[in-house]
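Shown next, in structure tokens, is the structure this report addresses.
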Amino acid sequence: MDVIKLHPPFTHFAVAMPLALVVLDIYYRLKKKDLDSLHLLFSLLTSLSVIGATVSGMIAYEPIEDKLYQIETFKVHKYLGLVMGIYFALLMGVRLSASRGPLWRTLFSLMLLVGALFTFLQGSLGGSVVYDHMVKPWIDR
């Protein structure tokens, strides 16, 4: 299997997991539940899925790098992907500190919400790279 084919499944998890964690986090807040091992597990899986998408993207673009740099959207997609990987690693650090007090807990929730929104933007940019600049021209031929 080509390594480039691994990037799409990684990215789908990287969009779905933050959204699932937002739902779980809101549930915990509404029920006034303390953070537990399930929340920690979802946080870890979420961070790993975004970091995995970042790493798979770095691996996937290398064989076709010259072609991708002809697409203006790709540059934003690439650098936002790098930022997202770092951001979700930091988010996991904040999550590990969330039991220290309500300020850390609130910071985690806000960072998670921002991160989840940015995963949708990143997905949109990636979709534009693939469909608008690769698939659509191929179909139009």
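- For the side-chain contact (heavy atoms from CB on, under 4.5 Å) test, residues two or more places apart in sequence or in another chain that qualify with H39 are L21, L24, D25, Y28, L35, D36, S43, R95, F108.
- Nearest heavy atom pair, residue P18 against residue V50, reads CG-CG2, 4.0 Å.
- Residues passing the side-chain contact (heavy atoms from CB on, under 4.5 Å) test with L110 are T106, sequence neighbours excluded.
- The distance from the CG atom of L112 to the CZ atom of F42 is 12.0 Å, given to the nearest 0.5 Å.
- Taking the side chain as every heavy atom from C-beta outward, V55 and F10 never approach each other to under 4.5 Å.
- In the hydrophobic clustering of ILVMFWY residues, with side-chain heavy atoms under 4.5 Å counting as a link, L96 and L90 come out apart.
- Here M58 contributes atom CE and K78 contributes atom NZ; the two are 8.5 Å apart, rounded to the nearest 0.5 Å.
- By the rule that hydrophobic residues join a cluster once side-chain heavy atoms approach within less than 4.5 Å of another member, V94 and M17 end up as members of one cluster.
- The CG atom of L125 lies 12.0 Å from the CD1 atom of I71; values are rounded to the nearest 0.5 Å.
- Among residues at least two apart or in separate chains, there is no ring-ring contact (aromatic ring centres under 6.0 Å, His included) pair with a member in residues 78-107.
- Applying the side-chain contact (heavy atoms from CB on, under 4.5 Å) criterion to L48, with sequence neighbours excluded, gives L44.
- L113 is connected to Y27 through a chain of hydrophobic side-chain contacts under 4.5 Å among Ile, Leu, Val, Met, Phe, Trp and Tyr, so both are in one cluster.
- Side-chain atoms of M92 and I51, non-hydrogen and from C-beta on, never get closer than 4.5 Å to each other.
- Taken together through direct or relayed side-chain contacts under 4.5 Å among Ile, Leu, Val, Met, Phe, Trp and Tyr, L38 and I26 form part of one hydrophobic cluster.
- Minimum interatomic distance between H7 and S56 (heavy atoms only, all atoms of both residues): ND1-OG, 2.8 Å.
- Separation of atoms CE (M84) and CG (L91) is listed at 9.5 Å; rounding is to 0.5 Å.
- Hydrophobic clustering, with ILVMFWY side chains joined whenever heavy atoms are under 4.5 angstrom apart, keeps F118 apart from V15.
- Pairs passing the side chain to side chain donor-acceptor pair (under 3.5 Å) check and including a residue from residues 111-125, sequence neighbours excluded, read H77-Q122.
- The heavy-atom pair separating S109 from R29 by the smallest distance is OG-NE, 2.9 Å.
- Within 6.0 Å of NZ on K33 lie more than 12 heavy atoms contributed by other residues, nucleotides or ligands.
- Residue pairs meeting the side chain to side chain donor-acceptor pair (under 3.5 Å) criterion with at least one partner in residues 130-141, sequence neighbours excluded, are S128-D132.
- For the residue pair T11 and P8, the shortest heavy atom distance occurs at OG1-O, 2.7 Å.
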